[in-house]
There are 2 protein chains.
Amino acid sequence: MSVKRKGAPATAPHQNPEPAWLDQILLGDCVAELEKLPSASVDVVFADPPYNLQLEGALHRPDQSKVDAVDDAWDQFESFAAYDAFTRAWLMACRRVLKPSGTLWVIGSYHNIFRVGTVLQDLGFWVLNDVVWLKSNPMPNFRGKRFTNAHETMIWASRDRKAKSYTFNYEALKAFNDDLQMRSDWTLPLCTGGERLKDGNGQKVHPTQKPEALLYRVLLSSTNPGDVVLDPFFGTGTTGAVAKRLGRHFVGVERDRAYADAAMSRIDAVEPAPDMALETTKGKRAQPRIPFGRLLEAGLIAPGTELTCAKGRNTAVVRADGSLETGGVTGSIHKIGAHVQGLDACNGWTYWHFAEGKARRPIDDLRQVIRDGMAAA
Amino acid sequence: MSVKRKGAPATAPHQNPEPAWLDQILLGDCVAELEKLPSASVDVVFADPPYNLQLEGALHRPDQSKVDAVDDAWDQFESFAAYDAFTRAWLMACRRVLKPSGTLWVIGSYHNIFRVGTVLQDLGFWVLNDVVWLKSNPMPNFRGKRFTNAHETMIWASRDRKAKSYTFNYEALKAFNDDLQMRSDWTLPLCTGGERLKDGNGQKVHPTQKPEALLYRVLLSSTNPGDVVLDPFFGTGTTGAVAKRLGRHFVGVERDRAYADAAMSRIDAVEPAPDMALETTKGKRAQPRIPFGRLLEAGLIAPGTELTCAKGRNTAVVRADGSLETGGVTGSIHKIGAHVQGLDACNGWTYWHFAEGKARRPIDDLRQVIRDGMAAA
DNA sequence: TACGCCAGTGAATCACACC
DNA sequence: TGGTGTGATTCACTGGCGT
């Protein structure tokens with residue numbers, strides 16, 4: 001059973017006819033549906049499996065609004081063992097349909113990615129890279145109990161350790177990345193705004209829709225035009241939409257008919273236009289911010305150092321966490337700079353100075369040392 | 001057997017004597033050595049285990065110079081199963097010596113981190129975050145067959161799922177990061193230059209020496225001054241050096257005497273930061289609790305006073321016992337604050353305001369008056 | 001039309017002391 | 001041990017509405 005696409009391109013009579021499952025969504029359990037495909041028939045797998053989040057109570061923002069948690073039934077597993085068994089089953093099914101030179105991508109978070117990586121290695125896949133998706137606009141940590149969970153991890157692996165010449169479009173990626181080798185960290189925003197599929201009530205159709213820019217990089221790097229990309233957890237079809245846009249074929253498997261229907265109409269609306277898309281997806285690696293604490297880590301300022309204003313009139317002492325202390329008041333370089341001047345705001349980088357011999361230099365000079373070091377590398 | 005440190009601070013006679021293993025390097029296999037430590041004796045573990053790299057043949061740069069790969073004997077394992085058994089053994093040993101409220105950090109790359117993460121979850125550790133170290137100056141990929149491997153992954157986990165109040169210096173990290181909460185991606189350079197330990201021939205002493213900046217952030221976030229940090233793969237002692245600098249105790253285990261010797265002289269040369277500079281920013285949670293009734297006792301609020309929300313729309317009257325009354329309903333400042341807004345919860349301290357002239361100020365300001373008085377006394 | 005303000009929201013394993 | 005009550009806690013971005 002499958003969801004048929006409309007307006008599938010006609011196959012020219014002199015070519016091999018395309019298999020019936022191409023550019024389709026197979027409706028059903030992914031392991032069962034994959035059995036219907038011939039072995040060694042797809043070039044790349046991209047999989048976004050359930051993460052097995054283990055949430056307890058509801059979480060509220062500081063303003064008391066409720067966080068819309070991912071509590072769908074498809075994300076519930078009884079135990080790590082059950083999750084491992086599930087993972088093993090779908091990875092084995094994917095391995096069978098992958099061509100020997102094929103590669104596989106899986107995305108996950110710390111809840112599940114270690115399990116997936118271990119199973120995948122045990123099955124004989126060979127990890128080529130792990131790639132981290134750095135979210136430029138992640139949800140904050142509302143209770144102040146952990147670091148902001150600001151990234152997800154993708155594993156990129158070949159089918160076998162001795163895989164024959166898997167596809168990696170090194171030069172294309174380098175050109176894409178302003179003539180620098182593409183790194184294993186990709187900074188991209190979440191899928192929001194007009195790209196996010198909404199239902200008639202304005203509610204999101206799928207709780208974990210991935211941004212097209214992510215799939216764009218994945219497919220650009222590891223597939224060629226005309227390749228077949230399998231997504232065993234198709235959801236609302238981001239993989240299919242980007243595949244079509246880039247002139248790749250897709251096969252999706254999805255259990256939920258509502259997701260599959262949304263995916264199919266979404267993909268039908270896609271215009272293949274790779275050249276234009278390249279422009280919109282391309283982005284420089286965001287220049288990392290350098291917080292004041294970085295100067296302490298780098299040993300450029302030691303805890304206990306006294307900073308002064310340019311004239312030496314106001315002073316403050318640097319603490320290990322990068323906060324300043326003066327007259328019993330503590331805060332960031334900016335807050336304390338404002339405080340000692342009786343102002344609302346202050347640029348601490350230019351206000352505070354450190355002693356160098358008899359001279360005083362702004363701490364901004366030290367930040368420049370860090371930036372120069374990063375640029376030189 | 002251990003490597004003794006020089007100039008260990010004398011323990012004052014009236015204090016509990018420090019255990020003999022504190023601020024020492026235990027020379028030997030980490031599982032065997034850890035058996036000598038009492039259980040529940042360390043606050044945090046930082047582990048940089050062997051990576052299980054499986055390199056075949058030598059890797060050459062485009063100019064044919066040989067890359068100095070990590071191919072030391074200690075980094076070779078026969079199989080994933082052997083690596084998993086090794087991982088299980090040292091993680092179990094660490095778990096025994098960890099305090100119930102302790103946390104553990106492990107750093108690794110895609111070669112081993114999935115194995116480590118899985119074993120750690122299976123042993124009952126509870127992952128709090130995975131943190132990626134983004135290398136600002138990674139080694140390029142010379143063959144052009146993969147993405148530049150530009151990051152490593154750290155797992156931060158509590159000893160148990162229901163761990164009691166593990167240490168996370170949220171406010172300190174926020175101050176460190178220019179008043180934004182710290183994210184799970186940290187951009188830091190590799191350990192190079194003067195920080196990198198070299199032997200008499202200018203060769204690096206250890207192949208995978210970690211930058212002190214990385215440990216600075218780890219220890220600042222998850223330990224307090226005086227805590228004990230265990231590093232079961234001590235190497236050249238980055239963990240010990242930063243621990244000493246930040247006023248934390250360390251225990252190291254290292255199998256290789258050359259590494260241990262290099263570590264000990266390195267640590268002896270470290271100058272600890274002054275105690276005063278080790279004080280870090282604390283949030284309201286660290287402040288003593290003041291019940292609302294205390295404001296009435298202190299005469300800062302009189303019974304019968306009318307409180308309002310910030311905009312003056314909702315009102316309530318203070319009763320002599322510190323409860324509020326509005327529309328016939330009575331309860332605590334929090335309960336009534338929630339009630340008038342139709343919410344489940346509310347922080348009454350910030351919700352309710354008192355009149356001062358024409359302005360309204362939150363009752364939290366009055367609480368601060370009491371706290372300031374306590375601090376002055 | 002431009003701009004400012006306010007409300008809404010995103011894969012989240014998000015208290016703890018006290019009785 | 002569990003139940004109860006206090007009260008701590010958010011970043012980047014989008015979209016709608018009002019001036």
Looking at every strand, decide which applies to Arg285(B) at a 4.0 Å heavy-atom threshold: base, sugar-phosphate, or nothing. sugar-phosphate
Distance between the C1' atoms of dC14(C) and dG10(C), in whole angstroms? 15 Å
If you assign each of Lys174(B) and Ser332(B) to its closest nucleotide in DNA chain D, which residue comes earlier from the 5' end? Ser332(B)
Any N or O donor-acceptor pair linking the side chain of Arg289(B) to the base of dG5(D) at under 3.5 Å? no
Residue Asn347(B), side-chain heavy atoms: nucleotide from dA11(C), dA12(C), dA8(D) that is nearest: dA8(D)
When you get a sec, tell me which of dG7(D), dT10(D), dG10(C) is the closest nucleotide to the side chain of His334(B)? dG7(D)
By nearest atom, which of the nucleotides dG10(C), dG5(D), dA15(C) is closest to the Arg143(A) side chain? dA15(C)
Base dA12(D) to side chain Lys135(A), donor-acceptor N/O within 3.5 Å cut-off: no
With rounding to whole Å, what would you report as the distance between dC16(C) and dT1(D) at their C1' atoms? 16 Å
Do the charged groups of Asp48(A) and Lys210(A) touch, with an N to O distance under 4.0 Å? yes
Within a radius of less than 6.0 Å around CZ of Arg313(B), do more than 12 heavy atoms belonging to other residues, nucleotides or ligands occur? no
Between Asp372(B) and Gln368(B), a side-chain donor and acceptor under 3.5 Å: yes
Look at all strands and tell whether Pro211(A) reaches a base, only sugar-phosphate, or nothing, counting heavy atoms closer than 4.0 Å. nothing
It should be established whether Lys204(A) places a side-chain nitrogen or oxygen under 4.0 Å from OP1 or OP2 of nucleotide dG10(C). yes
Base partner of dA8(D), which must satisfy Watson-Crick or wobble distances under 3.5 Å: none
Taking atom C1' in both dT19(D) and dT1(C), what distance in whole Å separates the two? 12 Å
The side chain of Arg367(B) is closest to which nucleotide in this list: dA11(C), dA8(D), dT10(D)? dA8(D)
Strand partner of dG15(D), provided both Watson-Crick or wobble distances fall under 3.5 Å: dC6(C)
Let's see if you can work this out: which of dA12(C), dG10(C), dA8(D) has an atom nearest to the side-chain heavy atoms of Leu55(A)? dA12(C)
Can you tell me how far C1' in dT10(D) sits from the matching atom in dG8(C), rounded to whole Å? 13 Å
Carboxylate-amine/guanidinium proximity below 4.0 Å for Asp122(B) and Arg115(A): yes
Looking at Lys164(B), I want to see if its NZ is surrounded by more than 12 non-hydrogen atoms of other residues, nucleotides or ligands under 6.0 Å. no
If you look at every strand shown and take non-hydrogen atoms under 4.0 Å, does Thr350(B) touch a base, only sugar-phosphate, or nothing? nothing
